[in-house]
Every structure is written in C-alpha cells, then in structure tokens.
**Student:** 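This is the structure I want to talk about, given as structure tokens.
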Amino acid sequence: MKVLIIGAAGMIGRKLAERIAGDGALGGKAVERLVLVDVVEPKGPTGGIADVKTQAIDVSAAKATEPLIAERPDVVFHLAAIVSGEAEADFDKGYTINLDGTRDLFEAIRHEHARSGYTPRVVFASSIAVFGAPFADRVPEDFALTPLTSYGTQKAIGELLLADYTRRGFLDGVGLRLPTICVRPGAPNKAASGFFSNILREPMSGKEAVLPVADTVRHYFASPRAAVGFFLHAATMDTSRIGPRRNLNMPGLSATVADELEALRAVAGEGALALVKRVPDETIIRIVDGWAPDIEAKRARDLGFTVEDSFEEIVRAHIEDELGGSVRT
Ligand SMILES: NC(=O)c1ccc[n+]([C@@H]2O[C@H](COP(=O)([O-])OP(=O)(O)OC[C@H]3O[C@@H](n4cnc5c(N)ncnc54)[C@H](O)[C@@H]3O)[C@@H](O)[C@H]2O)c1
C-alpha cells in the first residue's frame, strides 16, 4: 500500500513516519511507498521501506497537494497545521494553512475520486480545542463545538468538512480530537501548554523548569507514543463501526499538575522535583483556566483506541522513547 503523511516534520508526524517505516506495514499490509511532506523537508525515517520520498510542500499554496493525491495513496494522514498561539497571533496565516490547506487537500481527493473512484482513508489531526469553556467537570461526548480560539475554529471547520466529504463518499475520514500531548520532546517552546511538558522533561535532563500555575490545575493528556497509536488505529480500523459522527474524542488521562510532579518524584527522585521552580504567570493562569479538565471518550475507547492509565506511564514512555531508558538528575 501507499501512505502519505502531511506534516511529517512535526513532532507527531516524525514519530508516525518512524513507526510505519520501522514496521514496514500498516494494519498487516506491507507499505511499499511512504511519502513524507511538510513545509520544511522531513528527514527520511530509519526503517526498512525502500521507497521513501521526502518533499517540502506548503499545503496552503494553490493546488499544492494535487500531485501527491494523483499518486493515489491508500492512507492520507493530515497533520500539517500551525498551532494555537501562532494561529491567534496571525489570523490570515491560521485560516490559510489550517482551513484553506485542509479544504484544498479534500478537494484534490474529491477531484481524483471523480476521475477514478479513488476513496482513501483520511486521518485528520483535530484537537480538544474545538471545545470551549464553560465546561462541566467532564466534557460530555456530545458537547457542542464552541471553540474559543481561531485555531479551534479552524479545526472544527476541518471536522465538518471531513464528515461531509465522507458522507458524500469522496473519502473515508476519521478525525482525532487529540488531548494535549505530553511529554513533548525537544527544547521548551512558547506554547501556553509548554510547561506541562517542561516540568517533566527538563528536570529529567538535570535542568530547571518553571511552573507558572497552581499544582491543582487539571487537564487532559496523552503521550506522543499514544498519539502515534491513535493515528495507526484510525488508519486501519473498520470505519463502518463509527457511524456518521466521524470525529472522535481521543481517550486521555485527566490529571493535575500535582499528579505530574508525583510521577516525576517517583521516577526521577527528589532531586529532579527540586528543579521545578514555582513562578506564577497571570497570563498563563488565565489561558489554562479556559481548558477542559477532562473529556468523555467512550466512543473512541469502544472502537479500540487506548491511552495511558497514569502519569507515571507517560513519564516512563518518555524515558524509553527519548532518553535511552534512563534519567540524568
Ligand atoms: N501536540 C499536541 O498537543 C496537539 C494537540 C492537539 C492537536 N494537535 C494537532 O496534531 C497535529 C500535529 O501536532 P504536532 O504536535 O506534531 O505539531 P507540530 O507543530 O510539531 O507539527 C505540525 C507540522 O505542520 C507543518 N506545517 C505547518 N504549516 C505547514 C504548511 N503550510 N504546509 C505544510 N506543512 C506545514 C509544520 O512545519 C510542522 O512540522 C497538528 O495538526 C496539531 O494541530 C496537536
């Protein structure tokens, strides 16, 4: 089979590409060709697929994805996006990439469908940012989509398009409302959510990290490893079981900052915990206050999506996947 990953240079896209290349297969079928695109050319993965192509493509450029779809990949993973902070700061850029880029991709598929009957599986990276406060303690499965950011709005429109193009038979779509992915590898970034990862990742490498909110703050998480699992399962599952609601709340772990710190202490010791410095930041406190503490994901769990049960598991996954199995404190 042929597989296309758009957004393959990103944090999840890279891991997804490595996993598929390593397995050499998807859902028990051999992957003969893997095409990886991103606005910056992705690195080729280290696995055993002979035919891997990497390419720099800006999905927001007119008809940019047409040549990719002309190759008729069986599975299309669409992860390319700018994230919430940037989409809020630059209104035009957010709508151009996150919405117009998505619609152009779906249009390229529709046109290929009209030519040849092509109907690929499309897995779309959505977000729990499609939901907006005020929230109950647990956001129910059928909570109205009332995003409070431009990013969340762009993802919500993408979800509607995915569902309609699926209903019309142009593609076979599955939208994944991803929890906040933690522990995010790499250097600390400026995302308001960055501290959730920083306070674990940095101390495990012997570095200080700033905690800008109270220990009681609760949010909804999954590891990068679990996120890759969501994409693989969505690519291979029997979509006749989903029904018309093609966008699914992914399972996650509802946990407090205190739960995170306890996992850090249990795995890396008191020395690592002492590297977390409490420096309240009113702006971040206000932003995080508008985020969902917990989300119902029974439909996805019933359909076979799985996630970690504890923060300790999330931390251990990071140590295995990013730190070669041990911490340095
Ligand atoms: N990481 C999270 O916590 C999280 C949570 C919810 C949803 N998501 C969504 O999951 C997807 C992947 O997330 P991630 O954490 O890997 O993000 P990321 O920022 O690491 O990756 C996104 C990729 O999209 C690429 N991209 C941006 N503009 C592009 C363009 N015009 N053309 C082509 N590629 C472009 C970027 O270069 C980047 O490599 C995104 O769609 C994101 O919105 C992520």
Side-chain angles (χ1 to χ4, degrees), residues 4-19 35-43 54-65 68 76-88 90 92-105 122-131 147 149-159 162 174-187 189-198 201 219-228 230-231 234 247-253 288 291-292 295 307 314:
L4 168 63
I5 304 178
I6 305 173
M11 188 264 285
I12 301 172
R14 266 199 317 266
K15 288 177 176 290
L16 181 62
E18 283 289 347
R19 173 70 189 273
V35 178
L36 307 176
V37 305
D38 197 292
V39 71
V40 291
E41 186 169 342
K43 282 205 186 94
T54 60
Q55 205 177 343
I57 285 186
D58 176 354
V59 293
S60 67
K63 301 188 187 305
T65 50
L68 303 170
V76 178
F77 293 102
H78 180 34
L79 294 91
I82 58 166
V83 293
S84 55
E86 198 175 356
E88 205 60 21
D90 190 335
D92 286 320
K93 190 174 179 187
Y95 274 88
T96 306
I97 295 173
N98 295 354
L99 177 57
D100 300 344
T102 298
R103 175 134 198 252
D104 267 16
L105 169 66
V122 176
V123 185
F124 172 60
S126 187
S127 165
I128 55 173
V130 296
F131 300 126
T149 58
S150 294
Y151 168 83
T153 305
Q154 291 142 14
K155 291 290 189 186
I157 300 170
E159 287 193 2
L162 185 84
V174 186
L176 309 180
R177 292 182 187 135
L178 299 175
T180 290
I181 304 303
C182 183
V183 180
R184 191 180 173 93
N189 68 13
K190 289 199 162 31
S193 61
F195 72 87
F196 286 122
S197 288
N198 299 347
R201 187 193 56 241
H219 191 43
Y220 191 66
F221 303 97
S223 71
R225 188 193 280 184
V228 168
F230 299 158
F231 281 92
N247 296 285
L248 297 162
N249 297 348
M250 286 297 99
L253 175 71
V288 172
W291 291 351
I295 292 183
V307 75
I314 289 181

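For clarity, every value in this text was computed on a predicted model and none was experimentally measured. Ligands are counted one by one from 1 in listed order, and the atoms in each one are counted from 1 as well. Along the sequence shown, residues carry numbers from 1. Quick note: numbers below take in every heavy atom, side chains included, and nothing from hydrogens, waters or symmetry partners.
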**Student:** Hey, does the side chain of Q55 reach the backbone of L36 with a donor-acceptor pair shorter than 3.5 angstrom?
**Tutor:** no
**Student:** Does the side chain of S127 come within less than 4.5 Å of L178's, by heavy atoms?
**Tutor:** no
**Student:** Could you tell me how the ring of F196 sits relative to the ring of F221: parallel (under 30°), tilted (30 to 60°) or perpendicular (over 60°)?
**Tutor:**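 F196 vs F221 ring planes: perpendicular.
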**Student:** Pairs under 3.5 angstrom, nitrogen or oxygen on both sides, ligand 1 versus protein: list them out, please.
**Tutor:**
from, atom 1, to, atom 2, distance (Å)
ligand 1, 3 (O), I181, N, 2.9
ligand 1, 15 (O), R184, NH1, 2.8
ligand 1, 16 (O), M11, N, 3.1
ligand 1, 16 (O), I12, N, 2.9
ligand 1, 20 (O), M11, N, 2.8
ligand 1, 20 (O), R184, NH2, 3.0
ligand 1, 24 (O), A81, N, 3.3
ligand 1, 31 (N), D58, OD1, 2.7
ligand 1, 32 (N), I57, O, 3.4
ligand 1, 32 (N), V59, N, 2.9
ligand 1, 34 (N), V39, N, 3.2
ligand 1, 37 (O), D38, OD1, 2.6
ligand 1, 39 (O), G10, N, 3.0
ligand 1, 39 (O), D38, OD1, 3.4
ligand 1, 39 (O), D38, OD2, 2.7
ligand 1, 41 (O), L79, O, 2.9
ligand 1, 41 (O), K155, NZ, 2.8
ligand 1, 43 (O), Y151, OH, 2.6
ligand 1, 43 (O), K155, NZ, 3.2

**Student:** Could you pull out all residues at least two apart from F77 that satisfy ring-ring contact (aromatic ring centres under 6.0 Å, His included)?
**Tutor:** none
**Student:** With a 3.5 Å cut-off and no angle check, do the side chains of T149 and E88 form a donor-acceptor pair?
**Tutor:**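 Side-chain D/A pair, T149 to E88: absent.
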**Student:** Mind checking whether H219 and V288 have side chains closer than 4.5 Å, heavy atoms only?
**Tutor:** no
